[in-house]
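Numbered from 1 within each chain, the chains take letters A, B, ... in sequence-line order.
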Amino acid sequence: VPVISLTTDFGLQDGFVGVLKGVIWGICPAAHIADITHLVAPQNVMEGALTLWRAAPFFPAGSIHVAVVDPGVGTKRRPIAARLGSQLYVVPDNGLLTPLLEEAEKAGAPVEFVHLDKSQFWRPDVSHTFHGRDIFAPVAAHLANGVPLIEVGTPISNPVRLALSCPELIPGGWRAHVRMVDVFGNLATDLPAAQIPDLGAVSVRALGREIDGIVPSYGHRQPGALVALVDSENYVEVAVVNGSAAKVLGAKVGDVVEIIQK
Amino acid sequence: VPVISLTTDFGLQDGFVGVLKGVIWGICPAAHIADITHLVAPQNVMEGALTLWRAAPFFPAGSIHVAVVDPGVGTKRRPIAARLGSQLYVVPDNGLLTPLLEEAEKAGAPVEFVHLDKSQFWRPDVSHTFHGRDIFAPVAAHLANGVPLIEVGTPISNPVRLALSCPELIPGGWRAHVRMVDVFGNLATDLPAAQIPDLGAVSVRALGREIDGIVPSYGHRQPGALVALVDSENYVEVAVVNGSAAKVLGAKVGDVVEIIQK
Amino acid sequence: VPVISLTTDFGLQDGFVGVLKGVIWGICPAAHIADITHLVAPQNVMEGALTLWRAAPFFPAGSIHVAVVDPGVGTKRRPIAARLGSQLYVVPDNGLLTPLLEEAEKAGAPVEFVHLDKSQFWRPDVSHTFHGRDIFAPVAAHLANGVPLIEVGTPISNPVRLALSCPELIPGGWRAHVRMVDVFGNLATDLPAAQIPDLGAVSVRALGREIDGIVPSYGHRQPGALVALVDSENYVEVAVVNGSAAKVLGAKVGDVVEIIQK
């Protein structure tokens, strides 16, 4: 059964997401379709890119991921599709795939991009404002039907890339950054836990507060305690047990978190 | 594979939508089910009607659309089903289908209505407050199984109709109205772009602001600019590039937008 | 077609729910997956338990329900699975199944619990913070593939139970409690309507207001009227017609509602 995922900033109120599914099932009736999220902040390509990067690896090999956060819709920005590792992606060419692309490159995994310039795989009338419906969803459905990537577009090698935040080495440890704030108010940083030799013997500093050591999970401290731990993607995270670190610390994406080995 | 869509004001918090899916799969295990929206403003039949009208045409022929915005549940308002063009609908009889019905009539497409009065296609115990679960979902599932429309009810010809807003001809152009405000704050009007002979040579007036010309898409102006364009359903829309026209103008459904040919 | 439902406090923003679906389809590609809700208040096990209890009975026999509201993730709290009546459940052992368990016990329906201690049915690397992804979703998918309950864990008989609120007998009637507040602001109580001999001849008192009689449905009073009625699960409910009783009364979960036979 082909699997298609959807990641957008369309929200859940207006019916746009339902339209994507209707279009997909009109072309590939067998597809399973999973929503990753439709609550990316409007036009926030970075947030969409990071959300897709966290979710896509857990889908079966051969899944097709449609992501549409598309401030450039209707301009000359290209619609593209890609194979990264064992999965396929259909997106506007604005950097939405950067974290997945960098990871595939590091891993030496297959990387292919095509410019979607074959209109026979689109809806007949393409609007200027809703390429999710008119280009991305139909192309994904044709890929789900088994059309090869190379047939839906022309190979390219220069997809747009975002500049991703990186942790910096500082004396005694790392200066990391808050990369995502999740619904619980947990603060995911850009520092892989594997960079830290001894998780128990660190001091974590975030927004003027200091946390002693990295605990295995939320339940190892009392409700309300500020803790550092390893998140489910194996990065350092700052959290409040049964509470919101974002609220308690007033933290936001980009804020500095320092991890010092003791 | 039969496709069923759901449009309601049930919200996403209480599990009501999951219940509809459980009921449907108990009767028609093969059905694909797409959410159009469950965030219609509570009891706002007009908003539900317009959201369904914008989304349903993009579903495959033969799809079955369940819409439940139902302030009259438990009173004498009829449960109904309809064939409009190539698609089927299952709804309370309160006007939810008016825009789709008027369009089908204009197009000379098939139009059939039945009063759902055959309780063998309902859940055994029908509550007074949740006909979505007890009548509409089961009937939709039976239709998805191939039961003909004429078997689930008795033909009627007088469904309830809403009064839809219409653009009015004024000297030099049109007085249109904001019909929907989407999640981006874009203002969809009731004026089809096809009514305007020259899109580039118009002046658009909305809430005291004047916009020069209709641009092909958001990306043709700078972020923050107030623009008029043709929306993805081919109606005139007022928007702010990468922003919210609803917020910038303080606009709401029903507000006047004048389009004057220069 | 196997059916899996999902009930969590993950929210809809971060992609966690999409990840569960990706993991499930990687193991059981045929499964239909329904969201019950992902908007349980963070870590509110009672709210999750009641939402699941209201929705699960409407799913087909043999459905598999995954519920993850899991403040104890990463501690010694057990992951468990259960058969209650004709359905299967996969949850953390924190009381999420209490209302369903008590109902199954009252009905003399089958009740079986297992401790999920067979890691061959989990993802290879289990995180400390996301057992929904690493344990519950994979186990549910294996059950959907037909693996027997007894193979995924070791039988136990002492699942954690929550203390559920109960209505109390008082002179002339009942002292009930608000158990859930739904998206419309309707107040569901813990009093089954079947406990009231004559629904028309009661007086309902809630937060200083008195309501005369229990009406069949919302539409039997004018918009704005405060009413008592029988909800779709056959419990006494307090509502405002086309409005929010929660807002009008300032009511919340746990508040007292007295029902006095006249």
Side-chain angles (χ1 to χ4, degrees), chain A residues 1-2 4 6 8-35 37-45 68-78 92 94 123-135 137-138 141, chain B residues 1-7 11-12 30-41 47-48 50-63 65 67 87 180-186 188 193 214-221 223 229-234 237 239 241-244:
Chain A
V1 186
I4 295 175
L6 306 176
T8 76
D9 61 354
F10 294 174
L12 296 167
Q13 191 178 319
D14 299 308
F16 301 135
V17 175
V19 164
L20 297 189
K21 295 180 184 176
V23 168
I24 288 168
W25 286 331
I27 295 167
C28 179
H32 278 316
I33 307 174
D35 302 303
T37 186
H38 302 291
L39 300 181
V40 174
Q43 286 105 21
N44 191 329
V45 176
V68 191
V69 180
D70 195 11
V73 63
T75 66
K76 292 192 171 170
R77 76 93 189 88
R78 299 176 294 193
N94 60 19
R123 292 192 67 246
D125 292 307
V126 173
S127 70
H128 289 286
T129 58
F130 195 178
H131 287 186
R133 179 189 73 192
D134 300 333
I135 297 178
Chain B
V1 186
V3 171
I4 295 174
S5 88
L6 306 176
T7 301
L12 296 167
H32 277 316
I33 307 175
D35 301 304
I36 290 181
T37 186
H38 301 291
L39 300 181
V40 174
E47 186 179 308
L50 291 169
T51 303
L52 179 61
W53 160 76
R54 281 164 63 126
F58 297 99
F59 279 73
S63 294
H65 302 278
Q87 312 216 25
M180 304 193 79
V181 179
D182 73 17
V183 71
F184 300 100
N186 299 325
I214 291 181
V215 294
S217 71
Y218 310 110
H220 285 75
R221 289 285 181 278
L229 67 170
V230 178
D231 74 11
S232 49
E233 280 75 35
N234 293 313
E237 174 182 292
V241 178
N242 290 12
S244 165

Which atoms of B:Val241 approach chain A - backbone, side chain, both or neither, heavy atom under 4.5 Å
neither
Under 4.5 Å from a heavy atom of chain A, the part of B:Val181 involved:
backbone
Looking only at heavy atoms and a cut-off of under 4.5 Å, which of B:Ser244, B:Pro60, B:Ser5 has the most pairs with chain A?
B:Pro60
Pick from B:Val3, B:Val230, B:Asp182 with the largest number of heavy-atom pairs that fall under 4.5 Å of chain A:
B:Asp182
Would you name the heavy atoms of B:Ser217 and A:Val73 that are closest together and state the gap between them?
OG-O, 3.3 Å
Using the rule side-chain contact (heavy atoms from CB on, under 4.5 Å), only one of B:Asp35, B:Leu39, B:Ile36, B:Val183 pairs with A:Leu12; which is it?
B:Leu39
Once you round to the nearest 0.5 Å, how far does OG1 of A:Thr129 lie from CG of B:Asn186?
8.5 Å
Can you measure from NE2 (B:His32) to NZ (A:Lys21) and round to the nearest 0.5 angstrom?
11.0 Å
Flag the one option from A:Phe130, A:Phe16, A:Trp25 with the top tally of heavy-atom pairs under 4.5 Å to chain B.
A:Trp25
Relative to each other, are the rings of B:Phe184 and A:Phe10 parallel, tilted or perpendicular (30° and 60° limits)?
perpendicular
Part of B:Ile33 lying under 4.5 Å from any heavy atom of chain A
backbone
How far does CZ of B:Phe58 sit from CG of A:Leu20, to the nearest 0.5 angstrom?
10.5 Å
Turns out that what part of A:Asp134 lies under 4.5 Å from chain B's heavy atoms comes down to neither
Option in A:Ser127, A:Pro29, A:Gly11, A:Gly26 with maximal non-hydrogen atom pairs under 4.5 Å from chain B
A:Pro29
Sequence neighbours left out, what passes side-chain contact (heavy atoms from CB on, under 4.5 Å) with B:Gln87? Give chain and number order.
B:Phe59, B:Ser63, B:His65, B:Tyr89
If I take atom CG from residue A:Asn44 and atom CG from residue B:Asn242, how far apart are they, to the nearest 0.5 angstrom?
11.0 Å
Just so I understand: if I count every heavy-atom pair under 4.5 Å between each of A:Gln13, A:Arg133, A:Gln43 and chain B, which residue has the most?
A:Arg133
Counting only heavy atoms closer than 4.5 Å, note whether A:Arg123 contacts chain B via side chain, backbone, both or neither.
side chain
Side chain, backbone, both or neither: which part of B:Leu6 has an atom under 4.5 Å from a heavy atom of chain A?
neither
